[in-house]
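Report on the following structure.
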There are 2 protein chains.
Amino acid sequence: MTQVVTSTVSSGPGARGAGESRRQAEILDRALDLVRENGLGGLTTKKVAERVGFTEAALYRHFPSKKALILGMMDRLEGMLVEPIRILAQDVSKTHSERLESIVRHHTMLVRRHNSLPILLLAEASVSDDVELLGRMRSIFHAYLSVLEGLLREGQSAGEISEETRADCLALMLLGAPAALAIRHRLLPDARAEDRFEEMLIPFLINSLKEAKGRS
Amino acid sequence: MTQVVTSTVSSGPGARGAGESRRQAEILDRALDLVRENGLGGLTTKKVAERVGFTEAALYRHFPSKKALILGMMDRLEGMLVEPIRILAQDVSKTHSERLESIVRHHTMLVRRHNSLPILLLAEASVSDDVELLGRMRSIFHAYLSVLEGLLREGQSAGEISEETRADCLALMLLGAPAALAIRHRLLPDARAEDRFEEMLIPFLINSLKEAKGRS
DNA sequence: TGGAAGTAAGTTAAGACTTACTAACCTCCA
DNA sequence: TGGAGGTTAGTAAGTCTTAACTTACTTCCA
């Protein structure tokens with residue numbers, strides 16, 4: 001009852017996330033494809049089964065409920081969004097701004113490669129009435145912002161980033177850029193504009209963090 | 001068939017948008033309340049009817065379909081988001097950056113007052129498979145970005161805003177801030193953090209537009 | 001007195017999940 | 001070593017609920 005992704009203890013090599021069997025991993029891959037195409041609201045157990053190539057009932061051999069499937073996707077989101085940026089944040093061979101830049105670039109890459117998947121999951125799950133789902137999203141979102149905020153604060157202490165504006169506000173700004181790109185990517189897809197975003201806007205944002213310092 | 005919000009030609013004083021009857025306006029108000037609470041995906045004709053205080057069938061006296069109701073809400077979104085900022089953008093008594101600031105403030109105020117309604121409609125409609133709905137969202141989104149971009153370009157010509165970064169990229173950044181605030185407002189509501197956002201981050205953003213000029 | 005606005009009670013479709021059954025594959029021991 | 005018994009992963013055909021929308025009938029008031 002309390003288990004979410006039932007599994008035969010970690011399992012073999014092909015498994016993606018911890019606690020995912022090979023087959024579960026494959027099903028999650030197909031389900032994530034569908035979310036990229038139609039959003040979380042458009043996800044049905046029937047479509048997932050069709051995409052995997054078996055019947056709806058077979059899906060329930062691998063996941064006890066649709067909710068468990070969605071929670072499995074949240075784990076994936078955490079794995080692709082939060083875990084990598086934690087690692088990027090700890091790379092002491094780079095300055096704080098360089099690390100922030102690589103985090104924003106990572107997020108941007110995810111948005112483009114996965115067709116705005118992060119914001120789709122975030123926005124659609126944010127209106128869910130399921131407390132567990134909502135809590136999971138909240139914790140992923142909070143974890144992401146915390147990494148940014150921590151790095152910004154360190155950069156401020158090191159005198160590398162302006163202390164004029166609070167780190168939590170700056171973190172929100174750094175999240176906003178890829179978020180806006182994601183909405184744009186969904187509604188007005190334009191690879192050229194997205195290239196420009198990466199080439200010009202990310203450096204601009206990172207630069208503005210220091211820039212303000214020279215003022216007053 | 002092509003009509004969307006059927007109406008008795010413009011109608012009396014209580015009507016909100018053009019082409020909305022008094023009763024239609026009231027129904028849209030209640031429907032928007034529901035979207036604020038549960039998102040577009042959670043909106044059902046039954047809930048709308050209940051909230052208004054009549055039966056589901058009565059709803060169909062005023063809107064030919066649920067889609068027409070949603071398009072009516074899109075009109076409202078345009079009315080509260082795009083129209084006001086067009087006016088703000090034309091206020092020649094202010095500098096371009098002052099106008100940009102008031103636009104971002106207006107958007108932020110909307111997000112807080114309407115519980116992130118704009119991004120909910122945007123994100124959820126962006127995965128709709130209905131071409132008309134999608135087109136409507138696209139056009140609202142595009143209109144919003146165009147106003148920002150035009151203003152930024154004017155500011156650049158006037159030498160008031162740095163020409164180093166393209167206006168379309170900067171416009172996306174200015175959209176990203178309220179978007180990020182909206183997600184945060186949904187997932188981690190915190191009025192104090194939102195106050196700080198308005199007090200500190202908006203000035204920071206606007207300032208960064210000029211700031212970069214002093215470089216090189 | 002006729003039309004605008006409402007109701008009760010449907011219909012139809014879709015979506016989450018279940019049930020009963022089966023074929024393939026282990027395992028283990030007489 | 002071959003077959004009994006168990007497990008895994010699958011199927012076909014349901015159930016049950018909800019959601020959008022309809023139909024036939026009523027009520028009220030200008």
Side-chain angles (χ1 to χ4, degrees), chain A residues 1 3-12 14-15 20-28 30-31 34-35 37-73 124 127-130 132-133, chain B residues 1 3-12 14-15 20-28 30-31 34-35 37-73 124 127-130 132-133:
Chain A
M1 201 56 174
Q3 72 179 347
V4 165
V5 176
T6 49
S7 153
T8 54
V9 198
S10 180
S11 75
E20 275 175 28
S21 77
R22 223 171 294 233
R23 197 72 168 133
Q24 280 174 331
E26 195 195 333
I27 294 167
L28 282 174
R30 298 290 83 75
L34 286 168
V35 173
E37 293 166 26
N38 309 109
L40 199 53
L43 190 76
T44 71
T45 50
K46 196 176 176 184
K47 281 187 197 165
V48 176
E50 258 169 27
R51 193 58 73 95
V52 175
F54 57 19
T55 63
E56 228 180 317
L59 180 62
Y60 285 85
R61 292 278 170 214
H62 302 279
F63 290 91
S65 64
K66 187 187 177 186
K67 182 178 155 186
L69 182 73
I70 294 177
L71 284 170
M73 292 194 286
E124 296 193 68
V127 294
S128 161
D129 50 357
D130 185 299
E132 198 178 351
L133 267 182
Chain B
M1 199 58 174
Q3 73 178 347
V4 165
V5 176
T6 48
S7 153
T8 54
V9 199
S10 181
S11 77
E20 276 174 27
S21 77
R22 221 172 295 232
R23 198 71 168 132
Q24 279 174 331
E26 195 194 334
I27 294 167
L28 282 173
R30 298 291 82 74
L34 285 167
V35 173
E37 292 166 27
N38 309 110
L40 198 52
L43 190 77
T44 69
T45 50
K46 196 178 177 184
K47 283 187 196 165
V48 175
E50 258 170 27
R51 194 58 73 95
V52 175
F54 56 20
T55 62
E56 229 180 316
L59 180 62
Y60 285 85
R61 292 276 170 215
H62 302 280
F63 290 92
S65 64
K66 188 187 175 185
K67 183 178 155 184
L69 182 72
I70 294 178
L71 284 170
M73 292 195 285
E124 297 193 67
V127 294
S128 161
D129 50 358
D130 186 299
E132 197 177 352
L133 266 183

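Computed from a predicted structure; not experimentally measured. Order of the sequence lines sets the chain letters (A, B, ...), proteins ahead of strands, with each chain counted from 1.
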Let me know the distance between [atom1] of [X] and [atom2] of [N], rounded to the nearest Å.
{"X": "A/Phe63", "N": "C/dT18", "atom1": "CZ", "atom2": "P", "answer": "16 Å"}
{"X": "B/Ile27", "N": "C/dA5", "atom1": "CD1", "atom2": "P", "answer": "10 Å"}
{"X": "B/Gln24", "N": "C/dA4", "atom1": "CD", "atom2": "P", "answer": "13 Å"}
{"X": "A/Leu69", "N": "C/dG15", "atom1": "CG", "atom2": "C1'", "answer": "14 Å"}

Tell me which residues in residues 38-47 of chain A lie within less than 4.0 Å of DNA chain C, going by non-hydrogen atoms. A/Leu43, A/Thr44, A/Thr45
Secondary structure of DNA chain D per the Watson-Crick/G-U criterion (both distances under 3.5 Å; [ ] crossing, | other strand, . unpaired) is ||||||||||||||||||||||||||||||
A side-chain contact here means heavy atoms from C-beta on lying under 4.5 Å apart; do B/Lys66 and B/Thr44 qualify? no
Could you go through residues 46-55 of chain A and list every donor-acceptor pair under 3.5 Å that involves a side-chain atom there, pairing it with any protein atom two or more places apart or in another chain?
| from | atom 1 | to | atom 2 | distance (Å) |
| --- | --- | --- | --- | --- |
| A/Lys47 | NZ | A/Gly42 | O | 2.9 |
| A/Arg51 | NH1 | A/Glu37 | OE2 | 3.1 |
| A/Arg51 | NH2 | A/Glu37 | OE1 | 2.9 |
| A/Thr55 | OG1 | A/Ala58 | N | 3.4 |

Could you work out, with side-chain contact (heavy atoms from CB on, under 4.5 Å) as the rule, every residue matching B/Val35, not counting sequence neighbours? B/Leu40, B/Leu43, B/Met73, B/Leu117, B/Leu121
Measure all distances between protein nitrogen or oxygen atoms and nitrogen or oxygen atoms of nucleotides 10-15 of chain D, and list the pairs falling under 3.5 Å.
| from | atom 1 | to | atom 2 | distance (Å) |
| --- | --- | --- | --- | --- |
| D/dG10 | OP1 | A/Arg23 | NE | 3.1 |
| D/dG10 | OP1 | A/Arg23 | NH2 | 2.7 |
| D/dG10 | OP2 | A/His62 | NE2 | 2.7 |
| D/dG10 | N7 | A/Arg61 | NE | 2.9 |
| D/dG10 | O6 | A/Arg61 | NH2 | 2.2 |
| D/dT11 | OP2 | A/Thr55 | N | 2.5 |
| D/dT11 | OP2 | A/Thr55 | OG1 | 2.6 |

Which residues pass the side chain to side chain donor-acceptor pair (under 3.5 Å) test with A/Thr45, sequence neighbours left out? A/Glu56
Under the side chain to side chain donor-acceptor pair (under 3.5 Å) rule, collect the residues that match up with A/Asn38, sequence neighbours excluded. none
